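In this text, all values refer to a predicted model and were calculated from it rather than measured experimentally. A, B, ... follow the sequence lines: proteins, then strands. Residue 1 opens every chain.
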Amino acid sequence: MPELPEVETTRRGLVPLAVGRRVVATTIYDRRLRWPVPRALEKNLTGRVIEGVDRRSKYLLFRVGHETLLVHFGMTGSLQAFTRVPPRTAHDHFDIVLDSGITLRYRDPRRFGALLWLKAPAEAHPLLASLGPEPFDPACDARYLWGATRRRKTAIKLALMDNGLLTGVGNIDANEALVRAGIRPTTPAHRLSLARLARLIDAVRRTLEDAIAKGGSTLRDYVDSGGEPGYFQLEYSVYGREGLPCRVCGSAIKSLRQGGRATSYCPHCQR
DNA sequence: CTTTTGACCTGACAGC
DNA sequence: TGCTGTCAGGTCAAAA
């Protein structure tokens with residue numbers, strides 16, 4: 001589920017529900033996530049006011065005074081809002097009850113997600129400190145990418161997904177951005193010219209923006225909706241389309257594996 | 001430093 | 001109906 005657009009869509013759904021609200025109860029059902037949910041979390045969070053919900057890479061950051069509740073969705077995590085909470089089911093990990101009566105429930109079957117309590121400044125935490133710029137940061141431009149990739153012989157797709165170079169580009173979005181930019185995923189990063197990197201960062205931004213817009217169109221139903229912003233509406237160009245005709249030129253989409261992840265591309269449109 | 005690999009988990013699905 | 005193998009949108013830590 002969660003690439004950057006879905007995390008951002010969730011954040012936008014949460015802001016009007018959570019910001020300014022006080023946490024009246026925190027219930028942990030299952031502490032087993034990527035790292036165990038800290039013992040002190042309930043005590044730290046309960047009774048406090050959520051002053052903001054930010055996003056850094058694919059992390060959601062709930063600002064509580066000078067401290068921060070960090071939530072990551074891993075591969076299968078989701079946060080849903082309910083006015084009437086359904087009974088707890090398998091894979092439900094925790095509830096946060098707000099003074100408005102709304103309950104935020106986190107579910108994560110595969111348990112690759114995280115729930116952590118960060119002391120100030122949150123950005124100094126090791127998980128956040130090593131992150132590269134956000135794709136939408138004006139500083140994350142072609143010149144930056146050019147300089148940062150000159151010694152990197154790794155395939156551009158793997159570089160795109162390296163959170164130390166730039167953050168938040170997941171597997172689907174990397175595939176889709178590369179076809180938009182007309183760049184072969186296996187091209188060594190250091191071989192790309194400034195001009196091609198300019199096309200690439202533009203494609204990354206448009207890919208993410210489109211996905212956020214699609215997810216955002218379902219946000220009015222965020223409370224009691226069962227979550228799941230509407231990415232089923234997205235039509236991918238290459239992802240999951242191995243063997244099918246390219247929507248532009250009709251060539252058969254090819255696929256391979258890079259770093260253990262599925263890559264697909266159009267052999268004609270991407271050079 | 002860069003790059004590769006394994007590890008963490010459960011569930012869905014294809015094929016026998 | 002069950003079993004087995006493969007795959008899944010993330011990313012950290014260790015090894016090369």
Legend entry - Side-chain donor-acceptor pair present, A:Asp95, A:Tyr29, cut-off under 3.5 Å: yes
Inset, instruction - With a 4.0 angstrom cut-off to heavy atoms of chain A, pull out the first and last contacting nucleotide of DNA chain B, in 5'-to-3' order. - result: B:dT2 to B:dG11
Inset, instruction - Spell out protein contact along nucleotides 11-16 of chain C as letters: B when the base is contacted, S when just the sugar-phosphate is, - when no protein heavy atom is under 4.0 Å; keep the 5' to 3' order. - result: BB----
Legend entry - Criterion side chain to side chain contact (heavy atoms under 4.5 Å, CB included) against A:Leu98, the qualifying member of A:Thr103, A:Ile50, A:Val24, A:Val49: A:Ile50
Legend entry - Stems where DNA chain C pairs, listed by first number, each of three or more Watson-Crick or G-U pairs under 3.5 Å: B:2-8 with C:10-16, B:10-16 with C:2-8
Legend entry - Nearest-angstrom distance, P atom, B:dT5 to C:dC7: 16 Å
Inset, instruction - Check the distance between C:dG9's P and A:Glu6's CD and give it to me in whole angstrom. - result: 13 Å
Inset, instruction - Using whole Å, report how far CD1 of A:Ile212 lies from P of C:dG9. - result: 19 Å
Inset, instruction - Measure the acute angle between the ring planes of A:Phe73 and A:Tyr106, then classify it against the limits of 30° and 60° as parallel, tilted or perpendicular. - result: parallel
Legend entry - Interatomic distance where CZ belongs to A:Arg110 and C1' belongs to C:dG9 [whole Å]: 9 Å
Legend entry - For A:Leu104 against A:Ala81, the heavy-atom pair lying closest together: CD2-CB, 3.8 Å
Inset, instruction - Quick one: pull up CZ in A:Arg55 and CG in A:Leu14 and give me the separation to the nearest 0.5 Å. - result: 13.0 Å
Inset, instruction - Quote, to the nearest angstrom, the P distance that separates B:dA12 from C:dT11. - result: 23 Å
Legend entry - Criterion side chain to side chain donor-acceptor pair (under 3.5 Å) against A:Asn171, the qualifying member of A:Lys157, A:Glu176, A:Glu3: A:Lys157
Legend entry - Distance (rounded to the nearest 0.5 Å) between A:Leu127 CG and A:Leu116 CG: 6.5 Å
Inset, instruction - Go through the side-chain N and O atoms of A:Ser255 and A:Glu242 and say whether any donor and acceptor fall under 3.5 Å apart. - result: yes
Legend entry - Gap in Å between the two C1' atoms, one belonging to B:dT3 and one to C:dG9, rounded: 23 Å
Inset, instruction - Would you kindly confirm whether A:Met161 and A:Ile156 end up in one hydrophobic cluster when ILVMFWY residues are joined by side chain heavy atoms under 4.5 Å apart? - result: no
Inset, instruction - Please work out if A:Arg111 contacts a base, only the sugar-phosphate, or nothing of the nucleic acid, heavy-atom cut-off 4.0 Å. - result: sugar-phosphate
Inset, instruction - Please work out if A:Phe73 contacts a base, only the sugar-phosphate, or nothing of the nucleic acid, heavy-atom cut-off 4.0 Å. - result: nothing
